[in-house]
There are 2 protein chains.
Amino acid sequence: MTRRVVATNAEVARQAGVSPATVSRIMNGRFTGAQEVAERVRQVAADLGYSPNHLARSLALGQTGSVAFLVPDLGNPAFQQVLAGLSKAAAADGHRVLIADSAESSEDEPLLAVDTRRRCDALVLCAPRMTEERLAAVLKEVQPVVLVNRTSPGVPVPSISIDYAKGILNIAEHLHRLGHRRFAYLAGVEGSMSNQRRLQGLATFEARHPDATVTRLVGGVTAQSGSEAADAVLEADVTAALAFNDLVAVGLVQRVRELGLRVPDDLSVTGFDDIPFAAYNTPSLTTASVPYELVGEEAWRRLYAVMNGEPPAPDVLHQPRLQVRDSTRAIR
Amino acid sequence: MTRRVVATNAEVARQAGVSPATVSRIMNGRFTGAQEVAERVRQVAADLGYSPNHLARSLALGQTGSVAFLVPDLGNPAFQQVLAGLSKAAAADGHRVLIADSAESSEDEPLLAVDTRRRCDALVLCAPRMTEERLAAVLKEVQPVVLVNRTSPGVPVPSISIDYAKGILNIAEHLHRLGHRRFAYLAGVEGSMSNQRRLQGLATFEARHPDATVTRLVGGVTAQSGSEAADAVLEADVTAALAFNDLVAVGLVQRVRELGLRVPDDLSVTGFDDIPFAAYNTPSLTTASVPYELVGEEAWRRLYAVMNGEPPAPDVLHQPRLQVRDSTRAIR
DNA sequence: CTGTTAGCGCATTCAT
DNA sequence: ATGAATGCGCTAACAG
């Protein structure tokens with residue numbers, strides 16, 4: 001009954017006639033002795049199929065070489081892009097990403113964040129709906145940490161954010177220039193930071209343009225919720241609908257067309273995020289382009305800095321870029 | 001200079017006046033002694049903000065509570081669905097998923113698979129382009145492992161696969177019933193298992209229907225490659241185009257329409273996978289529906305079984321379901 | 001029921 | 001240049 005199925009440091013050391021310390025040094029490139037010794041050890045290691053146990057190594061070193069990424073919903077293309085950027089950048093520096101999907105349950109997020117963080121060296125936290133109180137409490141437990149999509153008033157941690165208010169404002173202004181005056185806004189999840197910011201942007205817009213009216217409608221974050229909101233949009237008697245994001249816009253457009261209206265002829269529709277599909281939708285979506293992959297990359301840079309005791313780069317507030325396509329057109 | 005920033009088992013034990021073993025037992029619910037002792041220990045632990053070091057625990061236990069998932073491209077919605085299913089199922093059993101994205105570089109996959117696997121208890125491997133030779137070598141090093149999207153002739157490991165051949169055959173038959181006789185197939189990555197299976201399905205189709213011709217064209221796996229193949233499709237003088245997957249179909253449809261043709265009136269187009277967006281495309285995509293999220297879930301079930309020394313459920317070969325929508329129509 | 005002891009496998013001082 | 005000894009923090013066997 002051999003318990004161990006994989007070779008160990010000590011085993012290699014014994015067979016190569018050296019000490020475990022020497023094996024360790026050779027495996028980590030800190031060896032300064034004779035070449036032939038190194039060669040012999042490598043040979044034995046190869047024969048035994050040995051490679052250092054990552055767990056034991058992490059314990060001794062005090063670091064795992066992986067970072068956690070907590071997202072509300074990995075099914076959302078926007079978060080997938082952040083993950084892609086984070087994953088690539090981290091990999092370039094020899095680190096891995098452990099994902100935790102809270103499945104939109106902001107109740108569980110604090111626990112999930114802390115627990116996941118404990119398995120890694122650091123955390124990238126994206127929790128747009130967590131209360132500030134909870135967030136502050138969590139942040140103290142999970143450092144090093146970088147915030148995505150929001151900042152924390154209390155605890156000072158690096159963050160990468162998007163200027164959602166400005167983004168939706170630019171979209172509204174674009175439609176206003178096209179002659180639109182009656183708008184509908186399909187809201188995202190109530191209470192989420194990203195929805196609140198958009199509402200602020202719309203408030204600014206209304207203040208600037210007394211001739212415009214914006215009807216707030218219940219929306220959501222998925223294509224299905226966009227579909228379901230179609231009737232309400234039509235009843236609202238508007239000429240343009242601003243969806244919370246591209247997914248909602250896609251769902252809305254499809255349903256509206258099924259109901260016999262034309263987009264953009266009868267109704268202009270806009271999205272937000274500029275997910276890859278936005279350009280391939282029919283009609284292609286006018287939206288606010290957000291560099292999510294870059295966000296993931298920047299999050300990594302800051303995390304890496306903090307992990308190495310260096311000061312992180314300053315926070316950034318990305319300005320979404322208005323991307324005009326075919327789903328919007330001038331009145332008349 | 002206090003080095004430790006977080007409390008340790010021994011520290012709690014000392015302050016609570018018990019042994020480390022007792023603390024361990026209480027933290028893991030294996031304590032059978034007096035309630036007041038447990039209460040006191042919990043109180044001390046809470047005061048010190050103590051929770052067991054996951055790394056040390058893993059080392060002692062010999063397991064980490066996380067599994068690795070290697071994918072060729074996390075940007076592909078199909079893989080994202082598998083991940084979602086896997087992640088949810090694993091989470092339900094108290095496990096986490098560590099992702100590794102090989103960025104379509106099958107060269108690096110063997111190393112990446114082994115290295116990532118070493119950080120976890122098991123691996124879900126999705127490497128459609130790895131050579132069988134390499135695959136066989138890798139499989140021996142990474143067990144427990146479950147294969148997604150392909151099987152291994154040599155090493156017997158559990159696998160969840162899709163009957164791509166049957167799927168594309170059903171699509172072709174559907175078009176044939178609609179009167180189509182001249183087809184174009186936009187191939188995926190050459191040499192990939194999933195592309196080979198589709199080619200086999202098409203060969204079967206041609207054998208059955210001597211009156212039909214299928215022109216093989218260079219494609220890819222992204223919307224952009226679909227766009228780029230549009231010219232070739234038009235030159236091929238066909239009435240129906242079968243894209244490798246939905247992404248390619250989406251790109252093809254958009255470009256073809258830009259070129260002034262109507263889909264499905266002038267050209268029927270089909271996809272594969274039935275990604276969420278397929279239903280929202282204009283026109284909605286006729287495609288082969290694959291239950292990818294279920295695939296991820298089933299992969300977890302088998303992995304979990306093997307990890308616990310139980311026999312895994314039998315391999316499954318999922319039959320894609322023909323999903324007829326608006327991108328295909330009868331000739332004339 | 002609870003404490004003592006001995007690893008888990010590795011990296012790293014400190015000697016030599 | 002190399003080996004012996006120690007610790008990372010925890011769990012499990014074994015006593016008592």
Side-chain angles (χ1 to χ4, degrees), chain A residues 1-42 44-45 48-66 94 115 117-121, chain B residues 1-42 44-45 48-66 94 115 117-121:
Chain A
M1 283 299 285
T2 43
R3 276 194 61 254
R4 305 206 38 64
V5 58
V6 46
T8 155
N9 178 325
E11 184 71 13
V12 175
R14 200 178 56 72
Q15 290 201 27
V18 297
S19 77
T22 297
V23 174
S24 174
R25 291 186 180 107
I26 292 175
M27 297 305 290
N28 295 299
R30 304 194 203 304
F31 184 71
T32 51
Q35 274 307 312
E36 58 175 307
V37 176
E39 206 48 55
R40 177 156 42 92
V41 170
R42 281 187 221 287
V44 173
L48 268 49
Y50 168 78
S51 71
N53 179 306
H54 190 264
L55 240 48
R57 197 162 188 283
S58 297
L59 183 59
L61 251 33
Q63 54 178 30
T64 67
S66 60
D115 187 71
R117 161 65 181 86
R118 294 183 53 72
R119 300 164 180 251
C120 308
D121 301 334
Chain B
M1 281 300 284
T2 42
R3 277 194 63 254
R4 305 205 39 62
V5 59
V6 45
T8 153
N9 178 325
E11 184 70 13
V12 174
R14 200 178 54 73
Q15 289 202 28
V18 297
S19 78
T22 298
V23 173
S24 175
R25 291 185 182 109
I26 293 175
M27 297 304 291
N28 295 299
R30 304 193 205 302
F31 185 71
T32 50
Q35 273 308 312
E36 57 175 306
V37 176
E39 205 49 53
R40 176 155 42 93
V41 170
R42 280 188 220 288
V44 174
L48 267 49
Y50 168 79
S51 71
N53 178 306
H54 190 263
L55 240 49
R57 195 161 189 283
S58 297
L59 183 60
L61 250 33
Q63 55 177 30
T64 68
S66 60
D115 186 71
R117 160 66 181 87
R118 292 181 53 72
R119 300 164 179 249
C120 308
D121 301 333

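Labels below follow one simple rule: chain letters A, B, ... track the order of the sequence lines, proteins then strands, and each chain is numbered from 1.
Remark: P of C:dC1 and CD1 of B:Ile26 are 13 Å apart, rounded to the nearest angstrom. Following rounding to the nearest Å, B:Glu11 (CD) and D:dG9 (C1') show an atom-to-atom distance of 13 Å. The distance between atom CZ of B:Arg30 and atom C1' of D:dA13, rounded to the nearest whole Å, is 14 Å. Distance A:Phe31 CZ to D:dG3 C1': 12 Å, rounded to the nearest Å. In this entry the distance linking CZ of B:Arg14 with C1' of C:dG3 reads 17 Å, nearest Å. If you take OH of B:Tyr50 and P of D:dG9, they are 10 Å apart, rounded to a whole angstrom. Here the P atom of nucleotide C:dC10 and the CZ atom of B:Arg119 are 15 Å apart, to the nearest Å. The CD atom of A:Gln63 sits 16 Å away from the P atom of D:dC8 (whole-angstrom rounding).
Contacts of B:Gly62 with the nucleic acid, taken as non-hydrogen atoms under 4.0 Å apart, are absent. Within the nucleic acid shown, A:Asn9 comes within 4.0 Å of sugar-phosphate atoms alone, with no base atom in reach, counting heavy atoms only. As judged by a 4.0 angstrom heavy-atom cut-off over every strand, A:Ser24 is placed among the base-contacting residues. No engagement by A:Val23 is indicated, since no non-hydrogen atom pair under 4.0 Å with the nucleic acid exists.
With the nearest nucleotide of DNA chain C identified for both B:Thr32 and B:Leu59, B:Thr32 has the one nearer the 5' end. Nearer to the 5' terminus of DNA chain C, by closest-nucleotide assignment, is the contact made by B:Ala60 (compared with the other of A:Arg25 and B:Ala60).
Taking only side-chain nitrogens and oxygens, B:Ser19 never comes nearer than 4.0 Å to OP1 or OP2 of C:dT4. A:Arg57 has no side-chain polar atom (N or O) that falls below the 4.0 Å cut-off from OP1 or OP2 of C:dG9. For the pair B:Thr8 and D:dC10, the criterion of a side-chain N or O lying under 4.0 Å from OP1 or OP2 is met. A close approach under 4.0 Å does not occur between any side-chain nitrogen or oxygen of B:Asn53 and OP1 or OP2 of D:dC8.
For A:Ser66 against A:Arg119, the heavy-atom pair with the smallest separation is OG-O, 4.0 Å. Here the shortest heavy-atom pairing between B:Phe31 and B:Thr22 reads CE1-CG2, 3.7 Å. Nearest heavy atoms, A:Ser19 versus A:Ala13: C-CB, 3.7 Å.
Of the residues listed (B:Leu48, B:Val23, B:Val44), the one engaging B:Glu11 in a side chain to side chain contact (heavy atoms under 4.5 Å, CB included) is B:Leu48, and it is the only one.
With contacts defined as side-chain heavy-atom distances shorter than 4.5 Å, the pair B:Val12/B:Val41 qualifies.
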